[in-house]
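What follows is one structure encoded as structure tokens, with my remarks underneath.
For clarity, every value in this text was computed on a predicted model and none was experimentally measured.
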Amino acid sequence: MRRILACAVAVMATPALSSAAVIFADDFDSYADTAALGAVWTLSEGTLDAANGNPSQSFNHPGTAGAFTGGNTNTVSFPTMYPGPGEKLILSGDFYDDGTSENKRVSIGLRDAAGANIIEMGMYNSPAHYAIRTVLFGAGSDAAWVAMPGTPTFEGVNVSVEGWHNFQAEITDSDVTFMLDLGDDGSIDSTYTATILQNGAFGFNQIRLGGPSDLSSAGGGVKFDNISLTLVPEPTTALLAAFCAAGAGMCRRR
């Protein structure tokens with residue numbers, strides 16, 4: 001009986017074998033100054049804020065560069081990858097909204113650097129205010145800015161909330177689920193799922209902080225912190241079946 005129980009426990013414990021692989025992570029605390037930050041990130045309108053983070057230091061983005069100049073985006077690159085069946089790419093980041101304007105255009109983005117498979121989450125002024133976008137995927141994918149549902153409004157208009165907030169995107173090979181945690185207190189305040197379809201260039205190789213599509217932000221910028229991208233394999237039916245078969249065989253032999 002103990003051997004049979006051991007086989008069952010082995011199968012039940014299989015999900016623990018699927019750990020997250022960290023593709024990129026940065027809390028901005030290790031940098032001595034903006035020059036050191038620039039050794040990791042390709043900077044345009046970005047500086048290190050050594051005094052204000054979540055906690056400690058953060059990445060400050062003023063949002064002042066002109067539209068489509070390439071001067072409003074800060075990037076870090078990694079080898080091209082995408083989530084396969086049963087996998088999730090999880091993009092997460094904190095941002096500080098000073099609560100002064102609903103006319104901000106700033107985001108945490110993930111994309112192919114050539115200009116495809118663009119995922120953006122942050123603040124956008126149409127629709128205002130906390131919003132997401134998935135664009136330049138395969139035909140039939142969602143392709144417009146969408147306001148995160150259920151966020152605070154005043155007279156029917158989405159409004160800003162002062163403080164540190166967290167945006168997260170869980171990306172599969174067919175959709176992206178966005179989650180917004182206002183106040184970064186561990187409680188999800190808004191969720192939205194967008195459809196994405198693969199195309200010939202399906203893949204991601206760049207994280208971008210700043211103006212979506214290099215747009216300027218008339219309402220000012222934000223601070224970013226705790227940016228991460230992880231790949232989470234999930235146990236497949238075949239894997240579970242293999243463990244079951246192996247466990248059953250072990251039990252029979254004993």
So with a 6.0 Å cut-off around CZ of F202, is the heavy-atom count from everything else above 12?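 Correct, the count exceeds 12.
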If you compare all heavy atoms of [X] against all heavy atoms of [Y], which two are closest, and at what distance to 0.1 Å?
X    : Y    : result
A113 : Q206 : CB-NE2, 3.7 Å
L231 : M81  : CD2-CE, 3.8 Å
S56  : D29  : CB-OD1, 3.2 Å
V22  : A25  : CG1-CB, 4.0 Å
K104 : G221 : NZ-O, 3.1 Å
V106 : V222 : CG2-CG1, 3.5 Å

Applying ring pair (Phe, Tyr, Trp, His ring centres under 6.0 Å), which residue pairs with at least one partner in residues 87-122 are found, sequence neighbours left out?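 Every ring pair (Phe, Tyr, Trp, His ring centres under 6.0 Å) pair that includes a residue of residues 87-122, provided the two are not neighbours, is F95-H165, F95-F167, Y96-W164.
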Among D94, D189, N54, find the one that has a side chain to side chain donor-acceptor pair (under 3.5 Å) with N166.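 The side chain to side chain donor-acceptor pair (under 3.5 Å) with N166 is passed solely by D94 among D94, D189, N54.
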Are R111 and E120 close enough for a salt bridge, meaning some N to O gap below 4.0 Å?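 Salt bridge between R111 and E120, a charged N being under 4.0 Å from a carboxylate O: yes.
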With a 4.0 Å cut-off, would you call D175 and K88 a salt bridge?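 Here D175 does not pair with K88 in a salt bridge, since their nearest N and O are not under 4.0 Å apart.
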Show the numbers, then the answer: is there a side chain to side chain contact (heavy atoms under 4.5 Å, CB included) between Y82 and L89? CA-CA 7 Å; Y82 64 92; L89 263 179; 5.5 Å; no
Between Y192 and F178, is the gap from one ring center to the other below 6.0 Å?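 Y192 vs F178: aromatic centres not under 6.0 Å.
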For T151 and S190, which I'm curious about, is there any donor-acceptor pair between the side chains at under 3.5 Å?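 No donor-acceptor contact under 3.5 Å links the two side chains.
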Regarding R133 and S213, do their side chains bring together a donor and an acceptor under 3.5 Å, going by distance alone?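 Yes, side-chain donor-acceptor contact under 3.5 Å.
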For a side chain to side chain contact (heavy atoms under 4.5 Å, CB included) check, start with the C-alpha distance between V159 and Y130, then their side-chain angles and the critical distance, and finish with the verdict. CA-CA 8 Å; V159 297; Y130 303 114; over 6 Å; no
Between D181 (side chain only) and D185 (backbone N and O only), is there a donor and an acceptor less than 3.5 Å apart?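 Here the side-chain-to-backbone pair exists.
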side-chain hydrogen bond (donor to acceptor under 3.5 Å, both in side chains) between E102 and S160, intermediate numbers included: CA-CA 6 Å; E102 283 74 54; S160 59; 2.8 Å; yes
Decide yes or no on side-chain hydrogen bond (donor to acceptor under 3.5 Å, both in side chains) for T73 and R208, but give the supporting numbers first. CA-CA 6 Å; T73 302; R208 296 169 61 136; 3.1 Å; yes
Run I196 and I171 through side chain to side chain contact (heavy atoms under 4.5 Å, CB included) and show every step you take. CA-CA 9 Å; I196 58 171; I171 307 153; 4.1 Å; yes
Just say parallel, tilted or perpendicular for the rings of Y124 and W145, cut-offs at 30° and 60°.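 If you compare the ring of Y124 with that of W145, the planes turn out parallel.
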Parallel, tilted or perpendicular: which one describes the rings of F28 and Y31, with boundaries at 30° and 60°?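 Answer is tilted, since the angle falls between 30° and 60°.
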Assess the residue pair N103 and H129 against the criterion (side-chain hydrogen bond (donor to acceptor under 3.5 Å, both in side chains)); give the C-alpha distance rounded to whole Å, side-chain angles, the decisive distance to 0.1 Å, and a yes or no. CA-CA 8 Å; N103 196 27; H129 171 57; over 6 Å; no
Mind running side-chain hydrogen bond (donor to acceptor under 3.5 Å, both in side chains) on D112 and N205 for me, showing each step along the way? CA-CA 5 Å; D112 178 87; N205 56 28; 3.3 Å; yes
